[in-house]
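Just so we're clear, the structure is a prediction, and the values are computed from it rather than from any experiment. Lettering of chains follows the sequences in order, A, B, ..., and the numbering in each one begins at 1.
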Amino acid sequence: MLVFILKRLGLAALVAVTVSAISFSLLFLAGDPATALAGEQATDVDIEAIRRLYGFDRPVLVQYWDWLAKALQGDFGESYYFKLPVADLVLQRLSITMTLGVCGISFALLTAVPLGVIAAIRPNSLIDRLALLLSVMGQAMPSFWFGLMLIVIFSIQLGWLPPSGTKTWVHFIMPTVVLGYYAMPAIMRLTRAGMLEVLASDYIRTARAKGAGEGRVLFKHALRNAIIPVVSLAAVQMGFMLGGSIVVESIFALHGAGYLAWESIGRNDLPTVQALILIFSMFYIVFTFLSDVVNAWLDPRMRAG
Amino acid sequence: MARTADALLEEIHGPSPAQLLRRRVFGHQGLLIGGGVLAVLFVVAVLAPYLAPHDPYAQDLLARMRPPVFLGGDWDHPLGTDHLGRDYLSRLIYGAQVSLLIGSVAAVISGLIGTAMGVAAGYFGGRVDMAVTFLVNVRLAMPVVLVALAVVALFGGSLQVVILVLGLLLWDRFAVVMRASTRQVRSREYVTAARAIGCSTARVVLSEIMPNIVNNLIVVATLEMAHAILLEAALSFLGLGVQPPTPSWGLMIAEGKQMMLFEPWLVTIPGVALFALVLAINLLGDGLRDVTAPENRN
């Protein structure tokens with residue numbers, strides 16, 4: 001188990017370093033950062049001064065190493081636009097994105113798992129077909145359009161929910177639904193497939209044969225085993241979700257990290273963009289690492305691979 | 001009892017593989033509906049210059065925000081006009097061109113990259129496999145929307161840039177699926193036989209392995225095409241994809257958003273078009289998977 005964790009940790013670290021190199025090199029894709037920073041009326045002297053101030057005159061590898069070393073200590077440099085430390089900015093905005101992510105994945109799990117279980121208990125029934133239809137439709141619906149439609153219906157026409165802002169939990173209802181529905185189809189399909197497989201297995205027949213009640217068979221014996229792959233899928237989806245919250249945050253004007261990313265891209269605020277790409281990637285890497293470890297702990301067969 | 005020669009032959013030999021395939025295809029509702037809708041949208045996109053009632057770029061500031069027919073408009077502008085007086089139906093029709101072009105070219109680019117990586121990983125195994133798996137991990141760790149937005153912002157939003165960025169980002173599923181399929185096929189007798197008689201690696205891969213995994217490739221390609229279309233719309237909606245005045249559906253939704261309070265149809269119409277196109281492609285992809293999956297071949 002320890003060997004597995006160490007191996008997996010090594011891989012995660014290697015992925016993290018590669019991602020950091022890619023997000024760092026974004027800065028140089030943009031052309032000369034000093035010229036961009038100096039603005040249009042800058043003279044050559046100004047540009048040269050800025051180049052020295054920000055250290056752009058050093059070799060790229062040195063700059064990368066410097067940036068990485070500081071990033072590891074939680075220092076992502078200063079935002080070009082806000083003139084504030086990027087780390088503070090991001091930290092301040094991250095709570096909204098995290099809240100949204102947790103709400104979104106909870107919503108997806110709470111709706112998709114029961115639907116998947118019911119669909120598996122009664123395959124080809126009306127509910128099964130309805131769930132399938134829902135998942136096919138869900139995958140085809142553009143999330144930003146879905147969000148706008150919810151605003152039209154629930155904010156403009158019915159006036160039930162606020163269209164934007166983060167003041168109360170009511171403000172989070174529509175963003176949660178829009179962020180969460182995207183993860184639902186995959187979770188539902190996996191729950192259904194897992195339950196179908198488990199329900200056909202010998203130990204379920206044994207449990208039934210010894211007279212266990214149907215509820216006990218379903219929840220104590222079947223769901224516990226069928227849910228394992230769902231947990232790891234949910235972890236991966238959570239990582240994707242945080243990265244995808246940029247769309248949802250921009251529709252509902254939630255000033256979280258995704259919104260900050262969108263603003264910063266528009267303002268060419270590269271240190272902030274780099275930091276956010278790196279942080280969102282880290283979330284994904286940590287979540288997948290944790291889910292692999294939990295899986296290996298629950299299922300010893302995983303440790304071999 | 002009069003029997004046709006064909007029926008008699010079928011009774012003797014059993015149905016041919018082609019006949020079986022035809023039966024599976026025509027017995028699959030999702031595949032037919034998806035394929036049908038996609039075919040119609042494709043024809044609409046190709047014939048856009050003949051079908052569109054107006055020039056999609058022509059502004060008529062005296063005829064701004066005309067409602068569509070079903071909301072009391074007239075037949076000169078069946079789907080009304082936008083905030084610059086441009087005919088909404090014409091923009092919708094030309095928008096199909098943009099979506100289909102971006103979706104298919106991006107899917108081809110990412111398909112080439114992902115297939116090359118996946119087949120190499122599955123066929124050679126060992127270090128190549130490790131390297132490819134690592135690259136897929138790196139790619140999955142990067143937030144697609146964020147990276148795409150940032151790169152498009154750096155290079156400026158144009159059709160070519162958006163296509164290239166999406167093509168270079170969406171190869172992960174191709175690589176994963178092609179790797180798994182190649183590993184399955186690679187240990188079959190016919191591959192061993194081809195290698196035993198001295199076929200080159202290129203020949204083994206191209207004429208023994210590829211034909212046997214191409215069905216999976218097509219399924220992934222349809223799904224990734226849908227994915228690319230959705231992403232393009234999202235990028236354009238956020239203002240960092242295809243730039244105005246190009247009639248992109250995502251851009252139309254973004255422009256309609258300003259007037260959404262009073263004219264929700266400005267957002268509803270392009271959204272429904274986008275939804276229908278992506279749904280059709282997904283249905284087609286799911287259907288193709290069903291009819292080509294070996295376990296359904298009885």
Side-chain angles (χ1 to χ4, degrees), chain A residues 11-12 14-19 21-23 26-27 29-31 132 136-137 139-146 148-149 151-153 155-157 163 236 239-240 242-247 250-251 257-258 261-262 264-268 270 273-274 276-285 288, chain B residues 30 34 130 133-155 223 226-227 229-240 249-250 253-254 256-257 260-262 264-265 267-268 270-283 285-286:
Chain A
L11 177 69
L14 214 56
V15 171
V17 170
T18 314
V19 170
I22 293 172
S23 65
L26 265 183
L27 187 78
L29 276 179
L132 185 71
V136 171
M137 307 258 283
Q139 272 171 335
M141 191 126 70
S143 58
F144 60 95
W145 182 64
F146 183 43
L148 291 178
M149 287 295 108
I151 293 180
V152 167
I153 295 170
S155 301
I156 299 176
Q157 286 175 356
V236 175
F240 279 135
L242 291 174
S245 70
I246 183 167
V247 177
S250 79
I251 298 168
W262 184 45
S264 304
I265 288 170
R267 290 172 184 146
N268 256 327
L270 281 167
V273 177
Q274 282 176 333
L276 283 166
I277 290 178
L278 191 60
I279 289 167
F280 281 129
S281 308
M282 289 307 134
F283 277 127
Y284 178 85
I285 292 169
T288 46
Chain B
M130 270 168 66
T133 311
F134 177 72
L135 284 176
V136 170
N137 270 322
V138 170
R139 162 53 205 83
L140 284 174
M142 300 205 302
V144 190
V145 181
L146 198 53
V147 173
L149 279 174
V151 176
V152 171
L154 290 175
F155 289 101
L223 297 178
H227 193 182
I229 289 172
L230 278 180
L231 264 177
E232 178 274 323
L235 295 184
S236 302
F237 173 76
L238 290 172
L240 287 161
W249 289 344
I253 295 176
K257 192 185 152 203
M260 193 174 71
L261 205 55
F262 309 105
W265 56 269
V267 170
T268 317
V272 168
L274 194 57
F275 176 64
L277 173 58
V278 174
L279 187 64
I281 298 175
N282 280 346
L283 283 176
D286 285 350

Which answer fits [X], side chain, backbone, both or neither, if we ask what part of it has an atom under 4.5 Å from a heavy atom of chain A?
{"X": "B:Val267", "result": "both"}
{"X": "B:Ala233", "result": "both"}
{"X": "B:Val272", "result": "both"}

Output the distance between atom [atom1] ([X]) and atom [atom2] ([Y]), rounded to the nearest 0.5 Å.
{"X": "A:Ile277", "Y": "B:Met142", "atom1": "CD1", "atom2": "CE", "answer": "8.0 Å"}
{"X": "B:Leu149", "Y": "A:Ser264", "atom1": "CG", "atom2": "OG", "answer": "11.5 Å"}
{"X": "B:Leu230", "Y": "A:Met141", "atom1": "CG", "atom2": "CE", "answer": "11.0 Å"}
{"X": "B:Leu140", "Y": "A:Thr288", "atom1": "CG", "atom2": "OG1", "answer": "9.0 Å"}

With a 4.5 angstrom heavy-atom cut-off, which part of [X] approaches chain B: side chain, backbone, both or neither?
{"X": "A:Phe240", "value": "side chain"}
{"X": "A:Val136", "value": "both"}
{"X": "A:Leu14", "value": "both"}
{"X": "A:Met149", "value": "side chain"}

Ignoring hydrogens and angles, tell me if any N or O in the side chain of A:Ser281 forms a donor-acceptor pair with the backbone of B:Ala141 under 3.5 Å. yes
Donor-acceptor contact below 3.5 Å, side chain A:Trp145 vs main chain B:Ile253
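No, because the side chain of A:Trp145 does not come within donor-acceptor range (under 3.5 Å) of the backbone of B:Ile253.
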Side chain proximity check, A:Ile251 to B:Phe237, heavy atoms < 4.5 angstrom
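Side chain of A:Ile251 against side chain of B:Phe237, heavy atoms only: contact under 4.5 Å found.
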Check: Do A:Thr18 and B:Phe134 come within less than 4.5 Å of each other through their side chains, counting heavy atoms only?
Finding: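 A:Thr18 reaches B:Phe134 side chain to side chain.
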If the test is side-chain contact (heavy atoms from CB on, under 4.5 Å), which one of A:Ile285, A:Val19, A:Val17 qualifies with B:Val138?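 Running side-chain contact (heavy atoms from CB on, under 4.5 Å) over A:Ile285, A:Val19, A:Val17 with B:Val138 returns exactly one hit, A:Val19.
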For the residue pair [X] and [Y], what are the closest heavy atoms and their distance?
{"X": "A:Phe280", "Y": "B:Pro143", "result": "CB-CG, 3.8 Å"}
{"X": "B:Ala153", "Y": "A:Ile265", "result": "CB-CG2, 3.4 Å"}
{"X": "A:Leu11", "Y": "B:Asn137", "result": "CD2-ND2, 3.7 Å"}
{"X": "B:Lys257", "Y": "A:Leu148", "result": "CG-CD2, 3.8 Å"}

Using a 4.5 angstrom heavy-atom cutoff, name the option from A:Met282, A:Gln139, A:Met137 with the most pairs to chain B.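 Answer, by heavy-atom pair count under 4.5 Å with chain B: A:Met137.
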Ranking B:Asn282, B:Val152, B:Leu240, B:Thr268 by heavy-atom pairs under 4.5 Å to chain A gives rank one to B:Thr268
**Message:** Out of B:Val278, B:Ile229, B:Leu283, B:Leu238, return the one with the most heavy atom pairs under 4.5 angstrom to chain A.
**Reply:**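 The residue among B:Val278, B:Ile229, B:Leu283, B:Leu238 with the greatest pair count is B:Leu238.
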